[in-house]
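Please read the structure below before turning to the comments.
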Amino acid sequence: MFTGIVEELGTIEAIEDQGDAIRLTVASDVTLSDAGLGDSIAVNGCCLTVAERTDATWTADVMAETLAKTSLGDLAVGDRVNLERAVTAEKRLGGHIVQGHVDGVGEVLSRTRSEHWEVVEISLPADLARYLVDKGSITVDGTSLTVVEAKDDRFTVSLIPETLARTTLGFRDPGSRVNLEVDVIAKHVEKLVRAYTGEASKENNA
């Protein structure tokens, strides 16, 4: 589990094409300091497992399913990526509950700059729209953000200077694809409500 608070920007050092998968090697500092084999690190919001490590890099295997459902297949050597280690029990939950399981891929539609922040508009797969509400939580490329305005096919977020400086969202131009993870609590509530209303309907029809 993660919090959506990006710890550092890493750099893609190597990408090894394995046909139905890739091996992704990332150079980092903070996230590598205590990383061991089998540990989880979120890369642009996608939970990956450390398979190898050196003093300066770590490597993970990315399966075809992950490549198909996320934007990790767009990465190239030299790209910067958002990194976060899995949360520990004593860590503050500064963002919200993030699983590192990408629900869909959106696209940066526009950026509106002001003196102290930027409003970024991002497209949204239609099947995810029901999980977003104004002032609710959304994870974009592993970054926990608050939704400003939720629409049927897009949403906006307002980025403060800290977010612009410390994450990839500071330089994602219109047309860039980004990983999206909706609030897992909303998904659980939906399932429970559907189960309850279904049972209630059966009882009423009995």
Side-chain angles (χ1 to χ4, degrees), residues 1-17 21-32 35 39-51 53 57-87 94-109 111 118 120-125 128 131-132 137-147 155 157 159-160 162-184:
M1 189 181 80
F2 305 90
T3 69
I5 303 300
V6 174
E7 294 186 279
E8 68 174 326
L9 285 169
T11 303
I12 301 300
E13 285 289 302
I15 300 174
E16 180 186 345
D17 188 352
I22 63 172
R23 298 208 91 195
L24 201 64
T25 299
V26 183
S28 64
D29 184 15
V30 176
T31 51
L32 190 61
D39 285 356
S40 295
I41 298 177
V43 178
N44 284 352
C46 182
C47 179
L48 299 181
T49 301
V50 177
R53 65 156 293 170
T57 67
W58 59 276
T59 299
D61 295 300
V62 185
M63 301 296 99
E65 175 72 6
T66 303
L67 294 173
K69 297 295 178 62
T70 74
S71 65
L72 294 188
D74 299 344
L75 293 174
V77 172
D79 283 352
R80 307 299 303 278
V81 289
N82 293 328
L83 301 178
E84 183 191 356
R85 291 169 292 183
V87 67
H96 69 284
I97 296 174
V98 176
Q99 295 181 295
H101 301 160
V102 175
D103 292 306
V105 177
E107 180 181 313
V108 175
L109 299 176
R111 305 183 70 108
E118 286 189 33
V120 179
E121 185 176 49
I122 300 171
S123 69
L124 181 72
L128 298 182
Y131 300 116
L132 267 67
S137 296
I138 180 74
T139 307
V140 180
D141 266 358
T143 306
S144 174
L145 298 171
T146 299
V147 176
F155 65 96
V157 291
L159 305 182
I160 61 174
E162 178 74 3
T163 304
L164 294 170
R166 294 178 59 87
T167 76
T168 60
L169 298 179
F171 50 82
R172 290 289 192 209
D173 293 325
S176 297
R177 300 202 318 150
V178 291
N179 293 323
L180 304 176
E181 181 184 333
V182 298
D183 190 346
V184 66

Smallest heavy-atom separation, Glu181 atom then Gln99 atom, equals OE2-N, 2.7 Å
So CG of Leu24 and CG of Leu67: to nearest 0.5 Å the spacing works out to 9.0 Å
Which of Asp74, Asp141, Thr70 passes side chain to side chain contact (heavy atoms under 4.5 Å, CB included) with Arg177? Answer is Asp74
Are the side chains of Ile15 and Asp17 in touch, meaning some heavy atoms are under 4.5 Å apart? no
Correct closest heavy-atom pair for Met63 and Ala21 would be CE-CB, 3.8 Å
Step by step, work out the side-chain contact (heavy atoms from CB on, under 4.5 Å) result for Thr49 and Asp61. CA-CA 7 Å; Thr49 301; Asp61 295 300; over 6 Å; no
query: In this structure, are over 12 heavy atoms from other groups packed under 6.0 Å from Leu164 atom CG?
result: yes
Looking only at heavy atoms, the pair that brings Pro125 and Leu180 closest together is CD-CD1, 3.9 Å
Correct closest heavy-atom pair for Ala51 and Arg23 would be CB-NH2, 3.4 Å
When rounded to the nearest 0.5 Å, the distance separating CG of Leu72 from CG of Asn179 is 5.5 Å
In this structure, OG1 of Thr167 is separated from CG of Leu159 (nearest 0.5 Å) by 7.0 Å
If we ignore hydrogens and angles and just use 3.5 Å, is the side chain of Arg53 paired with the main-chain N or O of Ala35 as donor and acceptor?
yes
Practice item. Determine whether Leu83 and Trp58 make a side-chain contact, defined as any pair of heavy atoms from C-beta on separated by less than 4.5 Å. Key: yes
Checklist entry - Passes side-chain contact (heavy atoms from CB on, under 4.5 Å), Arg85 versus Asp39? Steps please. => result CA-CA 8 Å; Arg85 291 169 292 183; Asp39 285 356; over 6 Å; no
Legend entry - Heavy-atom check, side chain of Thr11 versus side chain of Val81, under 4.5 Å: no
All heavy atoms of Arg111 vs all of Val108, minimum pair found to be CG-CG1, 4.3 Å
Are the side chains of Phe2 and Ser40 in contact, using a 4.5 Å heavy-atom criterion? yes
Tested for side chain to side chain contact (heavy atoms under 4.5 Å, CB included) against Val43, the lone hit among Thr31, Val62, Leu48 is Leu48
| said: I'd like to know whether Val26 forms a side-chain contact (heavy atoms from CB on, under 4.5 Å) with Ile12, so could you lay out the CA-CA distance, the side-chain angles of the two residues, the decisive distance to 0.1 Å, and finally the verdict. | reply: CA-CA 5 Å; Val26 183; Ile12 301 300; 4.0 Å; yes
* **Intermediate values then yes/no, side-chain contact (heavy atoms from CB on, under 4.5 Å), Val140 and Phe155** => CA-CA 11 Å; Val140 180; Phe155 65 96; 4.0 Å; yes
When rounded to the nearest 0.5 Å, the distance separating CG of Asn44 from CG of Leu9 is 9.0 Å
OG1 (Thr146) and CD1 (Ile138) are apart, to the nearest 0.5 Å, by 11.0 Å
Ser123 side chain to Glu107 backbone, donor-acceptor under 3.5 Å: yes
Review point. Are any of the side-chain heavy atoms of Thr25 and Glu13 separated by less than 4.5 Å?
Key: yes
On a heavy-atom basis, the closest approach of Leu32 and Glu8 is N-OE2, 4.4 Å
When rounded to the nearest 0.5 Å, the distance separating CD of Glu7 from CG of Asn82 is 11.0 Å
